[in-house]
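Worksheet for the structure shown next.
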Protein chains: 2
Amino acid sequence: MAQRLDAREPSFPQAFAELLSAKREVSEDVDQAVRAIIEDVVVRGDEALIDYTYRFDGLALQPETLRVSDAEIDAAEAQCPREALEALAFAKERIEVYHQTQRPQDSMTTDALGVTLGWRWNAIESVGLYVPGGRASYPSSVLMNAVPAKVAGVPRIAMVVPTPRGDTNPLVLAAARLAGVDEVFRIGGAQAIAALAYGTSSVRPVAKIVGPGNAYVAAAKRRVFGQVGIDMIAGPSEVLILADAHGNPEWIAADLLAQAEHDPAAQSILITDSAALADSVEQAVERQLKTLPKADIAGASWRDYGAIILIDHLENAIPLVDRLAPEHLEIETDDAEELASRVRNAGSIFLGSHTPEAIGDYVGGPNHVLPTARSARFSSGLGVLDFMKRSSILKCDAEALRALGPAAIALGRSEGLEGHARSVAIRLNL
Amino acid sequence: MAQRLDAREPSFPQAFAELLSAKREVSEDVDQAVRAIIEDVVVRGDEALIDYTYRFDGLALQPETLRVSDAEIDAAEAQCPREALEALAFAKERIEVYHQTQRPQDSMTTDALGVTLGWRWNAIESVGLYVPGGRASYPSSVLMNAVPAKVAGVPRIAMVVPTPRGDTNPLVLAAARLAGVDEVFRIGGAQAIAALAYGTSSVRPVAKIVGPGNAYVAAAKRRVFGQVGIDMIAGPSEVLILADAHGNPEWIAADLLAQAEHDPAAQSILITDSAALADSVEQAVERQLKTLPKADIAGASWRDYGAIILIDHLENAIPLVDRLAPEHLEIETDDAEELASRVRNAGSIFLGSHTPEAIGDYVGGPNHVLPTARSARFSSGLGVLDFMKRSSILKCDAEALRALGPAAIALGRSEGLEGHARSVAIRLNL
C-alpha cells in the first residue's frame with residue numbers, strides 16, 4: 001500500500017519534502033573495482049576484455065569472436081516472431097520521423113558592422129551504445145538510442161551488449177540492424193566501457209558513449225567522462241499522474257503498475273483533487289496486482305515508493321509537479337493542455353486519458369530515454385542534439401576589426417591580458 | 001622554443017600522437033577534502049560557509065554580509081573606468097544579440113494517425129554562476145555565462161565570487177549587474193558550490209551550476225552533479241592556427257602568445273604548409289615575448305606545449321585539426337571558408353587574418369566558454385540551450401490509441417513487461 005498525503009493537512013510540507021528527498025537507489029561502492037578494470041583494458045586491450053568476459057559472463061572468446069558477425073545477426077533475425085519484428089519496424093519509423101524534426105539549423109549572418117557570425121552543427125564522429133544483458137535488455141532502448149544518432153548523421157555506431165553464457169536476445173540484435181548500428185560486440189560491464197573509450201585492437205574507440213547500465217557501467221561512464229562524452233546516468237523510472245474526478249481508476253492503476261513493474265525502486269505517484277478517485281485507484285491497484293506477472297516487483301515499488309497526494313485544487317498541483325520534476329507526467333484531466341502549458345519541469349508529458357505512458361515507451365515517437373531523479377529540473381530527454389555539436393564561427397574584415405577592436409583592447413587590458421590587446425592592436429597599427 | 005613536427009617525416013604519426021596525448025593538467029587529489037567541505041555545508045549551512053570563508057579567504061563574515069549589497073555594487077560601478085564600462089556594455093549587447101538567435105523553437109504537430117506530438121522548451125528555474133577570485137576573475141566571463149542564461153529566460157541567477165581578504169574586482173560586480181545577475185555572494189571554493197547545490201539559510205539552492213574554477217571547484221561540481229546540473233569542466237585554453245605562405249608572421253605570433261599568456265598549461269599550435277612562415281613565426285614569437293608583461297607564463301606555455309607542424313598540403317591539415325579538436329581554430333588562408341566547411345571538430349572557428357581569437361574572447365558575440373582538451377569531438381561551447389530543457393509531449397485520442405496500441409502491446413510482451421501491455425490493452429478492451 002502506497003503512502004497517502006493530503007495537501008490540506010499542516011504536516012503536508014514536511015511529508016512532501018520527505019517524499020522528494022527519499023533515496024531510491026543504493027549507491028554501491030564499485031569505483032575501485034571499476035578503476036582497476038579500466039586500467040587493465042587500457043594496458044592489455046583485447047586480452048583483458050576476453051579475461052573479464054570469461055570471468056563475469058562465463059563466455060570464452062577469441063579476438064575474432066568479440067564482434068557479432070553479420071551471419072549471427074541474420075540468424076537472430078530469423079528467430080524473432082514476425083509480429084515483434086513488425087512492431088519494431090513500426091516503432092523505428094515513428095521514432096525516426098519524430099527525431100528528424102529535431103535536426104538543428106546552421107546560422108550565418110553579417111551584421112551592420114560587417115562582422116560575419118554564426119555557427120555550424122556537425123554530427124559526432126563515432127558513438128558507442130551500451131545495451132544491458134539479461135532482464136533489462138530491451139530492443140526498444142536500442143532504437144531509442146541508435147535512431148537519433150543516425151538521424152544526427154553519426155557515421156559510426158558501435159554497440160556493446162553482454163551475453164552471459166552466450167545468451168543473446170535475438171530481438172536486440174534485430175533492433176540493432178534495423179536502427180543502423182554498424183558494429184556489435186558481445187562484451188559488457190566496465191570492460192566494455194573502457195574498450196569504447198580507449199580502444200583495443202578489435203574495438204576502435206568512440207567519441208561519446210550512451211545507454212543505460214548497472215552500477216559498474218555507470219561508474220565506468222563517470223570515470224571515462226572527459227576522454228569521451230557520456231549521456232546522463234539513468235536512475236529508476238518514475239511516473240506522476242495528475243487526474244481529476246473524471247479519471248478512470250482502472251486505467252490509472254494500470255499506468256501506475258506499468259511503471260512499478262520496472263524495478264522495486266521505481267516510483268509511481270498519483271495527484272488528484274478527488275478523494276473518491278484516490279480510493280478507487282488504490283483499490284484497483286491492489287486488484288490488478290493479483291494477476292500481474294511481475295507483481296513482486298511492482299508491489300514492492302508501490303508499497304515502498306508509491307504515493308497518492310490529495311490536493312484541494314488542480315492548479316495547486318503545478319508547484320508540486322515542478323518540485324518532483326517527474327520523468328513521465330500523465331495529465332488525465334479536462335483541461336490537460338492548459339495545465340501542461342504551466343509545467344516547467346517534466347521529462348515527457350502525456351495528455352488525456354488515451355495516452356498511457358507505455359505508448360511513449362515504444363511507438364509514440366518521442367524518446368523514452370528521459371531524465372530521472374528530479375533531473376528534469378535541468379536536463380532533457382535524449383535527442384538528436386545529443387549526437388551533434390556546434391562550432392561557432394566568426395569573421396571580421398579589416399573594417400569590422402576597426403569597429404570591434406578598441407573595445408576588445410580595453411577589455412583585454414582591464415583583465416591584465418596585454419597579449420590579448422596586442423593581438424588586436426598589431427592589426428590596427430595601434 | 002616550441003617543438004617542430006614535419007608531416008613528411010616517417011616519425012610524424014608517433015610524434016603527433018604524443019602531442020595529442022600530452023597531459024597538460026596535474027590532477028590534484030582534492031576529492032576527500034571537497035567531500036568533507038560539502039558535507040559540512042549541508043549540515044551546518046551558513047555557519048560552515050562563514051568558517052571556510054574565514055579560513056580560506058581570510059575574511060570574517062556574518063550571515064547578513066554573505067550577500068553583496070546593492071549599495072556595494074553601486075560603489076563598485078562608480079570605481080570602474082568609463083572606458084572599461086563602455087566596452088563591457090558594447091560586449092554585452094553583441095553577446096546578447098548573438099545568443100538571441102540561439103533560442104530554440106517549440107514544436108507540435110498531429111500526424112496521419114491522429115497522434116499529436118512535439119516538445120516544449122522551458123528555461124531552467126535557477127542557475128548558479130561561479131566566478132573565480134584573484135587573477136582569473138574575468139568580467140568578460142561573467143557576461144559569457146550570465147547573458148545566455150538571461151536570454152534563455154532563467155528567472156534567477158545567483159553568482160558566487162570569493163573575495164580574498166575582502167578584495168573585490170569592481171568590474172566583475174559591474175558586469176554582474178549589467179548581465180542581470182540577481183544575487184551576488186562573496187563566497188568561493190567547494191563551500192560555495194555546496195551552498196548553491198544544497199542551499200543554506202542565506203543562499204537558496206539552484207538547479208544548475210556553471211562557470212570555471214580551480215581544482216576544488218571542479219571536484220565539487222563533479223560531486224554535486226545529479227543533485228544539480230553542471231556545465232563542462234574547463235581545462236587550460238588552446239589555439240590552433242592554420243596558415244599558408246601569405247600569413248602575417250607577426251600577427252600569428254601575437255595570437256599564439258595571446259593564448260599562451262593565459263596559463264603555463266595553455267597550448268598554441270601552428271600548422272602551415274610554408275617552411276618560411278614557420279621560421280618567421282618562430283622568430284616573431286621570440287621577439288614579441290621580450291616585451292610581453294606575462295612573458296613568464298606565455299614563454300613557459302610556448303616552450304612546454306607549443307608546436308609548429310609543417311605539412312605538404314593544406315587539405316592534409318583537416319584530419320589533424322579533427323584529431324586535435326581545438327577549442328579555438330584560426331584559419332588564415334586564402335580559402336578559409338572552404339577549409340572551415342570541412343572541419344568537424346572545433347569549439348569555435350575564426351576566419352581570415354583580421355579575426356584574432358581575442359575578438360571572440362570579448363566582443364565578437366559568440367560565447368568564449370568552449371570545449372577544451374579535445375572535448376570539441378563531443379561537445380559544444382556554452383549557449384542558450386544549456387540554460388533550457390525540453391519536455392516531449394504526446395497525445396492520443398481513442399482512435400490514435402487504436403492505431404498505435406497493438407504494436408505497443410506486442411513490444412511490451414516481447415520485453416516481458418505485461419503491465420505495460422495491459423495499460424494499453426485495458427483502454428482498448430483487448
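Chain A is the first sequence line, chain B the second, and so forth, proteins listed ahead of strands; every chain is numbered from 1. When reading the values below, keep in mind they use all heavy atoms of this one structure, side chains included, and skip hydrogens, waters and symmetry mates.
Of the residues considered (A:V343, A:I426, A:L370), A:I426 shows the highest number of contacts with chain B, using heavy-atom pairs under 4.5 Å. Looking only at heavy-atom pairs under 4.5 Å with chain B, the residue among A:Q288, A:Q105, A:E250, A:R94 that has the most is A:R94. Options B:D397, B:L417, B:L292 differ in how many heavy-atom pairs under 4.5 Å they form with chain A, and the most are formed by B:L417. Chain A forms the most heavy-atom pairs under 4.5 Å with one residue out of B:G405, B:G381, B:G352, and that residue is B:G381. Among A:H354, A:M232, A:E337, the residue with the largest count of heavy-atom pairs under 4.5 Å with chain B is A:H354. Across B:T109, B:V127, B:V424, B:V228, the residue that shares the most heavy-atom pairs under 4.5 angstrom with chain A is B:V228. Most heavy-atom pairs under 4.5 Å with chain A, from the set B:S126, B:G118, B:P81: that is B:G118. Heavy-atom pairs under 4.5 Å with chain B were tallied for A:S341, A:A410, A:A253, A:G365; the largest tally goes to A:S341. For the set A:A254, A:A340, A:A91, A:S423, the entry with the most heavy-atom pairs within less than 4.5 Å of chain B is A:S423. The candidate from B:C80, B:A407, B:S414 with the greatest count of non-hydrogen atom pairs under 4.5 Å with chain A is B:A407. Of all the listed residues (B:I359, B:L385, B:D386), the one sharing the greatest number of non-hydrogen pairs under 4.5 Å with chain A is B:I359.
Closest heavy-atom contact between A:L117 and B:G364: CD1-O, 3.3 Å. When all heavy atoms of B:L411 and A:A84 are compared, the pair lying nearest together is CD2-O, 4.1 Å. Taking all atoms of both residues into account, the shortest heavy-atom contact from A:H420 to B:A358 is O-CB, 3.6 Å. The minimum heavy-atom distance between B:M388 and A:S380, with the atom names listed, is O-OG, 4.5 Å. The minimum heavy-atom distance between B:L351 and A:K395, with the atom names listed, is O-CG, 3.5 Å. Nearest heavy-atom pair, B:L394 versus A:P366, reported as atom, atom and distance to 0.1 Å: CD1-CD, 4.1 Å.
For A:D255, the parts lying near chain B are the backbone and the side chain together; criterion is any non-hydrogen pair under 4.5 Å. Residue A:L257 does not touch chain B at all, counting heavy-atom pairs closer than 4.5 Å. For a residue to count as touching a neighbouring chain, one of its non-hydrogen atoms must lie under 4.5 Å from one of that chain's; by this rule A:A425 does not touch chain B. Heavy atoms closer than 4.5 Å to chain A are found in both the backbone and the side chain of B:R222. Both the backbone and the side chain of B:N345 have a heavy atom closer than 4.5 Å to some heavy atom of chain A. With a threshold of 4.5 angstrom between heavy atoms, A:A398 approaches chain B through its backbone and through its side chain. Only the backbone of A:A403 has a heavy atom closer than 4.5 Å to any heavy atom of chain B. Neither the backbone nor the side chain of B:A260 comes within less than 4.5 Å of any heavy atom of chain A. Both the backbone and the side chain of B:A207 come within contact range of chain A, judged by heavy atoms closer than 4.5 Å. Residue contact with chain A, scored on non-hydrogen atoms closer than 4.5 Å, involves the side chain of B:W121 exclusively. Proximity to chain A is absent for every atom of B:T372, based on heavy atoms less than 4.5 angstrom apart. With a threshold of 4.5 angstrom between heavy atoms, B:F350 approaches chain A through its backbone and through its side chain. In this structure, the portion of B:S379 lying under 4.5 Å from any heavy atom of chain A is its backbone and not its side chain. For B:S353, the part sitting under 4.5 Å from any heavy atom of chain A is the backbone (N, CA, C, O) and nothing else. Interface remark: B:R120 contributes side-chain atoms only to the contact with chain A (heavy atom separation under 4.5 Å). Both the backbone and the side chain of A:T291 come within less than 4.5 Å of a heavy atom of chain B. In this structure, no portion of A:L428 lies under 4.5 Å from any heavy atom of chain B. Interface remark: B:L256 contributes no atoms to any contact with chain A (heavy atom separation under 4.5 Å).
The CD atom of A:E261 sits 9.0 Å away from the CZ atom of B:R422 when rounded to the nearest 0.5 Å. Distance check, rounded to the nearest 0.5 Å: OG of A:S392 to CD1 of B:I349 gives 8.0 Å. How far CD1 of A:I233 is from CZ of B:F225: 7.0 Å, rounded to the nearest 0.5 Å. Going from atom CZ of A:R413 over to atom CD of B:E83 covers 9.0 Å, rounded to the nearest 0.5 Å.
The backbone N or O of B:Q227 sits less than 3.5 Å from a side-chain atom of A:R377, completing a donor-acceptor pair. Side-chain atoms of B:E418 do not come within 3.5 Å of backbone N or O of A:P293 as any donor-acceptor pair. A donor-acceptor pair is defined here as one N or O able to donate and one able to accept, closer than 3.5 Å; such a pair exists between the side chain of A:E415 and the backbone of B:S140. At distances below 3.5 Å, at least one donor-acceptor pair connects side-chain atoms of B:T355 with backbone N or O atoms of A:C396.
Crowding of A:E86 atom CD: a count of heavy atoms from other residues, nucleotides or ligands under 6.0 Å exceeding 12.
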Which is it for B:R390 and A:Q102 under the side-chain contact (heavy atoms from CB on, under 4.5 Å) test, yes or no, and what are the steps along the way? CA-CA 11 Å; B:R390 197 180 51 218; A:Q102 286 186 342; 3.7 Å; yes
Would B:F90 and A:L404 count as a side-chain contact (heavy atoms from CB on, under 4.5 Å) if you check the C-alpha gap in whole Å, the side-chain angles of each, and the deciding distance to 0.1 Å? CA-CA 9 Å; B:F90 180 72; A:L404 298 188; 3.7 Å; yes
